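Below: the structure, in structure tokens.
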Amino acid sequence: MRWPGKKHSNDIDGKTLMTMKIATWNVNSIKVRLPHVLDWLDGHRPAVLCLQELKCEAGNFPLEAVTAAGYHALIAGQKAYNGVALLSLQPGSDPVIGIPGFEDPQQRVIAATYGEVRVISVYCPNGESLTSEKYGYKLRWFAAFRDYLEATLMRYPLLVVAGDYNVAPEDRDVYDPVAWKGEVLCSDAERAAFAALLKLGLKDSFRLFEQADKSYSWWHYRVNAFKRNMGLRIDHILASDPLALTCSSCAIDKGPRALERPSDHAPVFAEFSDSSSPNS
DNA sequence: ATGACCGGCACCGCCGGA
């Protein structure tokens with residue numbers, strides 16, 4: 001396999017270890033969060049960073065600053081709401097915006113290929129509440145997204161789907177599972193929709209490893225939720241089974257959530273390795 | 001108990017977020 005990531009200098013048993021770091025971050029306005037994103041890119045140098053909630057049209061995306069940081073960008077923008085992007089060290093190929101065949105003015109999905117790896121940046125609908133019209137949209141959207149991933153996996157066996165899923169998959173992903181029981185982001189139907197994605201042959205990278213209890217990726221802006229660790233884990237990096245076999249780590253970086261004017265979400269990142277011979 | 005904090009937009013409050 002060829003990886004567009006870092007080539008580590010140390011060989012193991014005569015084999016060269018290649019790694020590819022893939023990250024996701026709901027930035028809640030790229031305009032406001034640009035300094036945080038540039039700092040994070042500088043510190044982590046991910047091969048690909050999936051962004052959500054740009055809240056700007058593609059023409060207003062701060063492309064020059066991202067380019068100056070050494071990153072390419074593929075953008076699906078929209079005024080004021082939604083908007084997703086893929087930032088990458090190497091240019092992506094075969095970009096696809098949206099879910100083919102699912103008409104939707106909301107920009108929530110963008111895909112491209114990096115080396116042999118297909119990467120999708122996704123911002124799943126929030127749903128608002130179980131009685132909201134938006135909840136019905138959320139479930140319809142998840143059904144269409146499931147079918148899209150099924151088709152994508154047939155063409156791209158090495159697939160990463162990273163983003164804000166707006167689903168806390170299990171009670172351990174919720175700071176107060178009793179209070180949140182049956183609420184939006186935690187309802188049985190939403191968890192079933194998330195599980196249906198995994199059933200396609202995808203793994204939640206975070207749960208491939210031992211993790212600290214009470215690990216979350218989002219905290220409400222209100223009531224000092226971050227300091228009190230009142231959070232949810234709703235940002236996920238799913239990896240197709242063959243790629244998950246090469247996943248060596250997955251972590252949430254709470255650092256940026258503690259900065260001035262933070263996003264309400266923290267970045268999540270995973271590292272994928274391949275120790276096969278470079279000539280294979 | 002209620003509302004609370006943000007960002008965007010377009011105004012002087014509202015919507016959407018989760």
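Every chain is numbered from 1, with letters handed out A, B, ... down the list of sequences. Only a predicted model underlies this, so the values are computations on that prediction, with no experimental measurement involved.
- Under the 3.5 Å distance criterion, with hydrogens and angles disregarded, no donor-acceptor pair is assigned to the side chains of A:Thr19 and A:Ser273.
- Considering only side-chain N and O atoms, A:Tyr123 lies under 4.0 angstrom from the phosphate OP1 or OP2 of B:dA18.
- Under the 4.0 Å criterion applied to side-chain N and carboxylate O atoms, A:Arg233 and A:Asp204 are assigned as salt-bridge partners.
- For B:dG16, one of the phosphate oxygens OP1 or OP2 lies less than 4.0 angstrom from a side-chain nitrogen or oxygen of A:Lys134.
- Taking only distance into account, the side chain of A:Asn126 meets the base of B:dA18 through a donor-acceptor pair shorter than 3.5 Å.
- A sub-4.0 Å separation between OP1 or OP2 of B:dG7 and a side-chain N or O of A:Asn28 is absent.
- The distance between atom CH2 of A:Trp219 and atom C1' of B:dC6, rounded to the nearest whole Å, is 16 Å.
- Of the charged side-chain nitrogens involved, at least one lies within less than 4.0 Å of a carboxylate oxygen, so that A:Arg191 and A:Asp171 count as a salt-bridged pair.
- Of the N and O atoms on the side chains of A:Gln107 and A:Asn82, not one donor lies less than 3.5 Å from an acceptor on the other residue.
- The gap from the P atom of B:dA18 to that of B:dC6 amounts to 15 Å, rounded to the nearest Å.
- Only the P atoms considered, B:dA4 is 14 Å distant from B:dG13, to the nearest whole Å.
- Here B:dA18 presents its C1' atom at 13 Å from CG of A:Leu130, a figure rounded to the nearest Å.
- Picking from B:dA18, B:dG17, B:dG8 the nucleotide with the shortest atom distance to the side chain of A:Arg108 gives B:dG17.
- In the set B:dA18, B:dC6, B:dG16, the nucleotide with an atom closest to the side chain of A:Tyr221 is B:dC6.
- Phosphate proximity of B:dC5 to A:Arg261: absent, as no side-chain N or O sits under 4.0 Å from OP1 or OP2.
- Taking atom C1' in both B:dG3 and B:dC9, one finds a spacing of 23 Å when rounded to whole Å.
- When heavy atoms are screened at a 4.0 angstrom cut-off, A:Asp164 is found touching the sugar-phosphate backbone but no base atom.
- Distance, A:Asp264 CG to B:dG16 P: 17 Å, rounded to whole Å.
- Comparing the C1' positions of B:dC15 and B:dA10 gives an interatomic distance of 12 Å, to the nearest angstrom.
- In terms of phosphate contacts, A:Arg33 brings no side-chain nitrogen or oxygen within less than 4.0 Å of OP1 or OP2 of B:dC6.
- Distances shown here put a side-chain N or O of A:His265 below 4.0 Å from the OP1 or OP2 atom of B:dA18.
- Rounding to whole angstrom units, CE of residue A:Met230 and P of B:dA4 are separated by 16 Å.
- Judged by closest nucleotide on DNA chain B, A:Val223 is the one of A:Val223 and A:Lys55 placed further toward the 5' end.
- Protein atom CH2 of A:Trp218 is 14 Å distant from nucleotide atom P of B:dC5, rounded to whole Å.
- Closest-nucleotide positions on DNA chain B for A:Asn26 and A:Lys79 were compared, and the one nearer the 5' end corresponds to A:Lys79.
- Atom C1' of B:dG7 sits at a distance of 23 Å from the matching atom of B:dT2, rounded to the whole Å.
- The distance between atom OH of A:Tyr165 and atom P of B:dG17, rounded to the nearest whole Å, is 19 Å.
- Note on A:Glu53: only backbone sugar-phosphate atoms sit closer than 4.0 angstrom, heavy atoms only; bases stay farther off.
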For this session: Go through the steps to decide whether A:Asn28 and A:Ser263 satisfy the test side chain to side chain donor-acceptor pair (under 3.5 Å), and finish with yes or no.
Result: CA-CA 6 Å; A:Asn28 186 17; A:Ser263 169; 5.4 Å; no
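- Salt-bridge formation is detected for the pair A:Arg207/A:Asp173: a Lys NZ or Arg NE/NH1/NH2 atom is positioned less than 4.0 Å from an Asp or Glu carboxylate oxygen.
- One atom, NZ of A:Lys138, and another, P of B:dG17, lie 10 Å apart when rounded to the nearest Å.
- If you take CG of A:Asp235 and P of B:dG17, they are 15 Å apart, rounded to a whole angstrom.
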